[in-house]
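Notes to accompany the following structure.
Just so it is clear, the values below take in all heavy atoms, side chains as well, and ignore hydrogens, waters and symmetry mates.
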Amino acid sequence: MPVEELNQEERDSWMRALPEWSLAREGKAIERSFEFADFSEAFAFMARVALIAEKRDHHPEWFNVYNKVDVTLTTHDAGGLSLKDMKMAKAIGSLL
């Protein structure tokens, strides 16, 4: 079953529910930066996110330098943001 891109109303509603995330790529993605005490904490966070991503079969784009992790979520199959991204963002937030 194809994954559908969120319409603007759905996207805006989810963004209000996820205030720590911001729109990126002309509204086709969301992103958030995380900062931890050190590399070990950042890596542990990435490992926990990886387990969620595998379970959901929805993987983030991310970048890590020492204690910082930048996460971008988008659904390539939908051509932009989908419910998968918003639920993944919520799950990532619950790890903190």
Side-chain angles (χ1 to χ4, degrees):
M1 184 149 109
V3 179
E4 292 186 26
E5 184 175 7
L6 296 176
N7 64 40
Q8 185 172 346
E9 184 179 323
E10 292 167 326
R11 184 190 70 196
D12 293 347
S13 177
W14 271 101
M15 292 307 296
R16 285 190 295 277
L18 299 166
E20 303 87 3
W21 292 81
S22 58
L23 288 173
R25 301 183 188 166
E26 298 178 1
K28 299 289 186 181
I30 55 174
E31 61 188 11
R32 183 175 174 185
S33 294
F34 300 87
E35 190 168 334
F36 301 92
D38 55 29
F39 177 75
S40 293
E41 281 191 24
F43 193 83
F45 168 77
M46 292 176 70
R48 290 190 309 272
V49 171
L51 293 172
I52 293 169
E54 280 296 297
K55 192 177 272 189
R56 294 170 182 245
D57 193 28
H58 191 60
H59 304 87
E61 298 173 18
W62 53 17
F63 182 75
N64 165 245
V65 174
Y66 184 59
N67 68 330
K68 295 179 182 161
V69 179
D70 298 326
V71 178
T72 302
L73 298 171
T74 190
T75 304
H76 300 284
D77 293 343
L81 287 170
S82 75
L83 190 56
K84 285 181 154 191
D85 301 304
M86 301 312 190
K87 288 182 175 181
M88 186 69 171
K90 189 174 179 181
I92 290 170
S94 74
L95 296 175
L96 303 173

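Within 6.0 Å of atom CD in E9, 12 or fewer heavy atoms from other residues, nucleotides or ligands are found, so the atom counts as exposed in its surroundings.
One finds the CD atom of E31 at 16.0 Å from the CH2 atom of W62 (value rounded to the nearest 0.5 Å). The structure places CG of L18 at 13.0 Å from CE of M88, a figure rounded to the nearest 0.5 Å.
Cluster membership for F63 and I30, using ILVMFWY side-chain heavy atoms within less than 4.5 angstrom, is not shared. A continuous path of hydrophobic side-chain contacts links L95 to L73 [ILVMFWY only; heavy atoms under 4.5 Å]. No continuous path of hydrophobic side-chain contacts links V71 to F39 [ILVMFWY only; heavy atoms under 4.5 Å].
Of all the heavy atoms in A89 and W21, the pair that sits closest is CB-CE2, 3.5 Å. Pairing each heavy atom of T74 with each of L81, the nearest pair is OG1-N, 4.4 Å.
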| task | Given side chain to side chain contact (heavy atoms under 4.5 Å, CB included), test D70 with F34 step by step and report yes or no. | result | CA-CA 6 Å; D70 298 326; F34 300 87; over 6 Å; no

| message | For a side chain to side chain contact (heavy atoms under 4.5 Å, CB included) check, start with the C-alpha distance between L23 and R11, then their side-chain angles and the critical distance, and finish with the verdict. | response | CA-CA 9 Å; L23 288 173; R11 184 190 70 196; 3.7 Å; yes

| message | Evaluate E4 against K84 for salt bridge (Lys or Arg N to Asp or Glu O under 4.0 Å), listing each step before the verdict. | response | CA-CA 10 Å; E4 292 186 26; K84 285 181 154 191; over 6 Å; no

| query | Where do E10 and M86 land on the side chain to side chain contact (heavy atoms under 4.5 Å, CB included) test, with the steps shown first? | reply | CA-CA 10 Å; E10 292 167 326; M86 301 312 190; over 6 Å; no

I'd like a table of donor-acceptor pairs (distance under 3.5 Å, sequence neighbours excluded) in which one partner is a side-chain atom from residues 43-59, with atom names and distances.
unit_1, atom_1, unit_2, atom_2, d
E54, OE2, H59, NE2, 2.7
H58, NE2, D85, OD1, 2.7

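With hydrogens and angles ignored, the 3.5 Å screen pairs no side-chain donor or acceptor of E41 with any backbone N or O of D38. Between the side chain of S94 and the backbone N or O of A91, at least one donor-acceptor pair lies under 3.5 Å. With N67 contributing its side chain and F36 its backbone, the two residues share a donor-acceptor pair below 3.5 Å.
For A78, the side-chain contact (heavy atoms from CB on, under 4.5 Å) partners are V3, E5, T75, S82, not counting sequence neighbours.
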